[in-house]
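Data block below; observations after.
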Amino acid sequence: MLKKHAGYYISLVAILFLGLLIAYNSADKQFQFLVAVLTAFLYALWGVIHHIINHELTPTIVVEYTLMAALGTGFVFFLLKGGFGL
C-alpha cells in the first residue's frame, strides 16, 4: 500500500515540512501562526483530494481531516502564546 500511494505521502510530507521550515525560520509570531493555518488548510485539502481520487470520500473523512487540522492549529496557537508559561 505504501508503494501504491508513495506520491501522495511524499506530497503530504512536503506540505508539512515546508510549513514547519517556513514558520521555524521566522521570528514573527503572527506570520508563524498564518503559516500554521495555511499548512493546516493544505493538509485538510490534501486529505479530501486524496480520498476523492481514490473514490472513498465520506463526510466522516472530511470531518476527520478538518478536526485534525483544527487541533494542529490550536496546538500551534497554544505554543505561540507561551504554552504553560514554564
Side-chain angles (χ1 to χ4, degrees):
M1 182 170 118
L2 188 58
K3 285 185 180 181
K4 180 180 177 185
H5 297 287
Y8 293 118
Y9 295 124
I10 290 170
S11 63
L12 176 60
V13 168
I15 289 169
L16 297 176
F17 179 75
L18 285 174
L20 178 67
L21 186 67
I22 291 169
Y24 182 77
N25 286 319
S26 174
D28 183 8
K29 289 188 178 189
Q30 286 182 332
F31 180 72
Q32 289 174 335
F33 184 69
L34 178 65
V35 170
V37 169
L38 180 62
T39 302
F41 174 76
L42 290 174
Y43 164 79
L45 182 65
W46 176 92
V48 170
I49 290 171
H50 171 74
H51 287 284
I52 286 173
I53 291 170
N54 290 305
H55 306 289
E56 52 190 33
L57 183 67
T58 63
T60 305
I61 290 173
V62 174
V63 169
E64 177 185 344
Y65 277 100
T66 303
L67 289 176
M68 290 304 295
L71 180 66
T73 303
F75 181 71
V76 169
F77 179 75
F78 177 74
L79 290 176
L80 289 175
K81 286 295 184 181
F84 289 110
L86 299 175

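Only a predicted model underlies this, so the values are computations on that prediction, with no experimental measurement involved.
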Look up atom CZ in Phe75 and atom CG in Leu80, then write down how far apart they are to the nearest 0.5 Å.
10.0 Å

Ring geometry between Tyr65 and Trp46 (parallel below 30°, tilted from 30 to 60°, perpendicular above 60°):
perpendicular

Should Met68 and Val62 be counted in the same cluster of Ile, Leu, Val, Met, Phe, Trp and Tyr side chains packed under 4.5 Å apart?
yes

Reported CG-to-CD1 distance for the pair Leu45 and Ile15, which is rounded to 0.5 angstrom:
8.0 Å

For Gly19 and Val35, work out which heavy atoms get closest and say how close.
O-CG1, 3.3 Å

State whether the number of non-hydrogen atoms from other residues, nucleotides or ligands found under 6.0 Å of Glu56 atom CD is greater than 12.
yes

Is there a chain of hydrophobic side chains (I, L, V, M, F, W, Y, each step under 4.5 Å between heavy atoms) that links Tyr8 to Ile49?
yes

Counting C-beta onward and ignoring hydrogens, is there a side-chain heavy-atom pair between Phe41 and Thr73 closer than 4.5 Å?
no

Closest non-hydrogen atom pair, His51 against Ile61
CD2-CG2, 3.5 Å

Between OG1 of Thr39 and CG of Leu16, what distance do you get to the nearest 0.5 Å?
7.0 Å

With clusters defined by side-chain heavy atoms of hydrophobic residues (ILVMFWY) lying less than 4.5 Å apart, directly or transitively, does Ile53 cluster with Tyr43?
yes

Closest non-hydrogen atom pair between Ile22 and Phe31, with its separation:
CG2-CE2, 3.7 Å

Honestly curious: do Val76 and Leu34 fall in one hydrophobic cluster under the side-chain, below-4.5 Å linking rule?
no

Verify the neighbour count for atom CZ of Phe77: are there more than 12 heavy atoms of other residues, nucleotides or ligands below 6.0 Å?
no

Measure across Ala44 and Ala69 and return the closest heavy-atom pair with its distance rounded to 0.1 Å.
CB-CB, 4.3 Å

Examine distances only and state if a side-chain atom of Gln32 and a backbone atom of Ala23 form a donor-acceptor pair shorter than 3.5 Å.
yes

Hphob cluster co-occupancy, Leu12 + Leu57, side-chain heavy atoms under 4.5 angstrom:
yes

